Structures are given as C-alpha cells and as structure tokens.
Amino acid sequence: MTYVAPITPMDMSNLINSQFRELIPIPNGWTGRVGYTANYAAYVNNAKGTLKGKERTGKKSQGNYWDPHAEPDFIHKGFERDGKEAIKQVIRDGYKI
C-alpha cells in the first residue's frame with residue numbers, strides 16, 4: 001500500500017523492494033494483504049527505532065538508521081494511522097454499487 005511504503009526503513013532497498021500486495025476475491029467481496037518477503041521484515045517492524053537518525057557503519061550500509069522517513073511499527077502505522085480513512089472510504093464506495 002502506498003501508506004506503508006513511505007515509512008518503511010531503507011538501507012540497501014532490499015526490504016522495500018520485497019513488499020508485495022495481493023487483492024483476492026472471496027465469495028462476498030475482496031480481501032487484501034500487504035507483506036514483505038525479506039526474512040527480517042518482522043524484526044525491523046518490531047524494532048524500537050532508538051537508533052533513528054544515527055549514522056550507520058559497515059561496508060554495505062548507507063546513510064543513517066531509519067532514514068529518510070521510516071518509523072518503528074511501520075506496517076501497523078501505515079494502515080491504522082495513515083490509511084485508515086482511505087480504506088474505509090473504499091469499502092463504503094464498494095457497498096454503494
């Protein structure tokens with residue numbers, strides 16, 4: 001979803017590039033799912049973000065931790081905080097048809 005991607009942490013872009021979205025028909029409508037295939041996605045999502053803005057070290061790392069606009073618990077926040085009203089509107093509009 002466009003609500004989760006802007007606050008997903010990026011270092012080498014592996015995490016954000018592993019994001020997938022599915023829209024699956026079910027008997028009474030549709031169900032959607034967003035996830036990450038990177039095996040460390042849950043760990044990053046659940047991290048406290050205490051290093052946010054601090055410089056990374058190491059050969060492969062670039063920039064600062066959690067840059068540029070990343071937030072801890074980004075998956076939940078992307079839906080509940082940023083996308084909740086838009087998702088509700090899509091559902092309301094779907095019931096009007």
Side-chain angles (χ1 to χ4, degrees):
M1 289 287 288
T2 57
Y3 306 106
V4 177
I7 59 174
T8 300
M10 287 185 249
D11 183 15
M12 300 297 288
S13 300
N14 185 56
L15 181 60
I16 191 69
N17 288 334
S18 77
Q19 186 185 74
F20 66 88
R21 294 171 282 246
E22 292 180 327
L23 191 57
I24 304 163
I26 59 174
N28 295 319
W30 295 85
T31 187
R33 184 171 89 139
V34 173
Y36 294 84
T37 59
N39 61 355
Y40 58 90
Y43 174 78
V44 173
N45 182 71
N46 296 331
K48 295 185 191 292
T50 54
L51 296 175
K52 183 174 176 67
K54 294 185 179 176
E55 189 173 339
R56 294 185 66 98
T57 59
K59 292 180 185 178
K60 294 183 178 181
S61 298
Q62 300 173 350
N64 298 330
Y65 283 98
W66 292 84
D67 276 352
H69 305 288
E71 298 185 28
D73 197 23
F74 58 95
I75 298 171
H76 180 260
K77 288 178 182 176
F79 287 104
E80 289 296 320
R81 183 190 69 194
D82 301 337
K84 190 173 190 173
E85 290 307 314
I87 293 167
K88 284 181 181 180
Q89 188 61 48
V90 167
I91 293 168
R92 283 192 288 268
D93 291 347
Y95 279 117
K96 290 179 185 176
I97 297 175

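What you see is a predicted model, and the numbers here were worked out from it, not measured in a lab. Values reported hereafter were calculated over all heavy atoms of this structure, with side chains retained and with hydrogens, waters and symmetry mates removed.
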| message | What's the separation between atom CD in Gln19 and atom CD1 in Ile75, rounded to the nearest 0.5 Å? | response | 8.5 Å
| Sequence-distant partners of Asn14, side-chain hydrogen bond (donor to acceptor under 3.5 Å, both in side chains), two or more places apart | Tyr40
| query | Are Asp73 and Lys48 side-chain neighbours, meaning at least one heavy-atom pair lies under 4.5 Å? | reply | no
| said: Restricting to non-hydrogen atoms, name the atom on Leu15 and the atom on Pro9 that form the minimum distance, rounded to 0.1 Å. | reply: CD2-O, 3.8 Å
| Under 3.5 Å, side chain of Asn46 to main-chain N/O of Ala42, donor-acceptor pair present? | yes
| Would you say the side-chain atoms of Lys77 pair up with the backbone N or O of Glu71, donor to acceptor, closer than 3.5 Å? | no
| field | Heavy-atom pair of closest approach, residues His76 and Asn45 | value | N-OD1, 4.4 Å
| query | Looking at CD of Glu85 and OH of Tyr3, how far apart are the two atoms once the value is rounded to the nearest 0.5 Å? | reply | 10.0 Å
| Atom pair CZ/CZ of Arg33 and Phe20 - distance to nearest 0.5 Å | 4.0 Å
| Least distance between heavy atoms, Pro72 atom then Gly49 atom | CG-CA, 3.6 Å
| task | Measure from the ring center of Phe79 to the ring center of Phe74 and say whether it is less than 6.0 Å. | result | no
| request: For residues Asn17 and Tyr36, determine if any side-chain heavy atom of one lies less than 4.5 Å from a side-chain heavy atom of the other. | output: no
| query | Which distance, rounded to the nearest 0.5 Å, do you find between the NE2 of His69 and the OG1 of Thr8? | reply | 12.0 Å
| Would the number of heavy atoms belonging to other residues, nucleotides or ligands and lying under 6.0 Å from CD of Glu22 be above 12? | yes
